[in-house]
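Written out below as structure tokens is the structure these notes cover.
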Amino acid sequence: MGPASAALPQLPHRAIGIDVGGTGIKGGIVNLRKGSLTGKRFRIPTPKPATPEAVAAVIGEILDELLSREKAPAAEELTVGVTVPGIVIDNVVLSAANIDETWLECDTTELLRSLPGRISTLNDADAAGLAEARYGAGANKPGTIMMVTLGTGVGTAIVHDGVLVPNSELGHLEFEGEKPAERRVSAASRERLEMPWDEYGETLRRFLVHVERIQPVNKFIIGGGISKRSEDFLPGVTGLRAEVVPAQLTNDAGIVGAALYAAERARIADLRSTDL
Ligand code: BGC
């Protein structure tokens with residue numbers, strides 16, 4: 001370890017992650033050393049309509065509950081990561097393909113201003129990818145991994161040697177004449193199009209071949225609820241340069257990755273404000 005890294009402040013032991021999904025908003029206290037939840041996750045159904053204000057109120061309720069727990073992070077080191085299923089740059093939401101359109105241009109720093117802790121917002125697939133890269137199917141592996149989440153939409157995350165390149169959004173590519181690709185490749189599309197599992201595996205294979213041409217990687221990690229059924233479709237995903245594996249953290253990846261992201265952002269902000 002070089003002299004500069006010896007001065008790097010440690011991440012806090014725990015942080016909070018909140019994963020905003022289409023049906024539920026889930027939060028948990030994350031042990032950042034292990035990459036797992038400390039205690040149970042807490043879930044509240046997503047309000048309808050899921051406007052930023054309605055979702056912010058639910059995030060507030062979830063935070064209250066988590067902070068009332070004995071193992072909650074101390075107030076002075078509290079960092080909170082929140083996921084959004086859209087492009088997020090500097091905590092501002094810049095796309096809303098699968099969420100209420102009132103999220104467009106929403107500045108989440110403003111929206112969540114009254115809540116405790118240092119809050120950072122990031123794309124949902126990016127959170128899952130960070131978690132898998134650090135603690136799951138990509139842990140301790142140098143090189144580039146791409147997380148592909150298959151749910152209502154298709155999310156992607158690129159992580160190189162542990163560093164996230166955010167907002168890759170490759171589910172919005174054109175693919176075999178369809179735009180966005182997620183209209184054919186998402187788990188929801190599989191159901192809508194009544195695709196048998198082997199056909200779905202073959203569709204996913206062709207999609208990953210397409211993605212690999214644009215962004216070659218060492219490993220694809222396939223996540224989203226459907227990854228529980230990976231033995232039904234992943235055996236058909238062959239012939240790629242990269243290895244293709246199912247996600248390991250499944251349900252908790254978004255929460256864990258959001259917490260990790262928020263803690264790291266806070267650490268970087270602190271470093272920048274310190275004379276090195
Ligand atoms: C959105 C992405 C998101 C993905 C998964 C896509 O429609 O554009 O931002 O990560 O769905 O939720």
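This chain uses plain numbering: 1 for the first residue, then up along the sequence.
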Can a donor-acceptor pair be found, under 3.5 Å and without considering hydrogens, that links the side chain of Glu212 to the backbone of Ala242? yes

Using every non-hydrogen atom in the two residues, find where Asn167 and Asp126 come nearest and quote the distance to one decimal. N-OD2, 2.8 Å

Look at the aromatic rings of Tyr200 and Trp197 and report parallel, tilted or perpendicular, splitting at 30° and 60°. perpendicular

Flag yes if Val163 and Leu130 sit in one hydrophobic cluster, no otherwise; membership is Ile, Leu, Val, Met, Phe, Trp, Tyr, and two members link when side-chain heavy atoms are under 4.5 Å apart. no

For the hydrophobic clusters of this structure (ILVMFWY residues joined by side-chain heavy atoms under 4.5 Å, transitively), does one cluster hold both Leu204 and Met146? yes

What is the minimum heavy-atom distance between Gly153 and Ser186, and which atoms define it? O-CB, 3.6 Å

Ignoring hydrogens and geometry, is there a side-chain-to-backbone donor-acceptor pair from Glu132 to Leu249 under 3.5 Å? yes

So does His160 get a backbone contact from the side chain of Thr144, meaning a donor-acceptor N/O pair under 3.5 Å? no

Do Phe175 and Val185 pass the side-chain contact (heavy atoms from CB on, under 4.5 Å) test, and can you show the C-alpha distance, the side-chain angles, and the key distance before you say yes or no? CA-CA 9 Å; Phe175 169 58; Val185 185; 3.9 Å; yes

Is the number of heavy atoms from other residues, nucleotides or ligands within 6.0 Å of NZ (Lys48) greater than 12? yes

May I ask you to decide if Ser230's main-chain N or O and Ser227's side chain share a donor-acceptor pair within less than 3.5 Å? no

Could you check Val58, Asp19, Thr23 and say which one makes a side chain to side chain contact (heavy atoms under 4.5 Å, CB included) with Arg43? Thr23

Taking Ser95 for its side chain and Gly86 for its backbone only, find out whether a donor-acceptor pair lies under 3.5 Å. no

Which atom pair, heavy atoms only, marks the closest approach of Cys106 to Leu111? SG-CD2, 4.0 Å

Donor-acceptor check, side chain of Thr46 to backbone of Gly24, threshold 3.5 angstrom: yes or no? yes

One thing to verify: whether Arg267 and Asp270 come together as a salt bridge, which I'm taking to mean a side-chain N less than 4.0 angstrom from a carboxylate O. no

How close do Ala127 and Ala258 get, heavy atom to heavy atom, and via which atoms? CB-N, 3.8 Å

Output yes when Glu65 and Arg69 qualify as a salt bridge under the 4.0 Å nitrogen-oxygen rule, no when they do not. yes

Before accepting this row, confirm whether a basic side-chain N of the pair Glu174/Arg183 lies closer than 4.0 Å to the acidic partner's carboxylate O. no

Backbone N or O of Leu164 within a donor-acceptor pair of the Tyr261 side chain at under 3.5 Å? no

When you measure from the side chain of Asp124 to the backbone of Thr83, do you find a donor-acceptor pair of N or O atoms at a distance under 3.5 Å? no

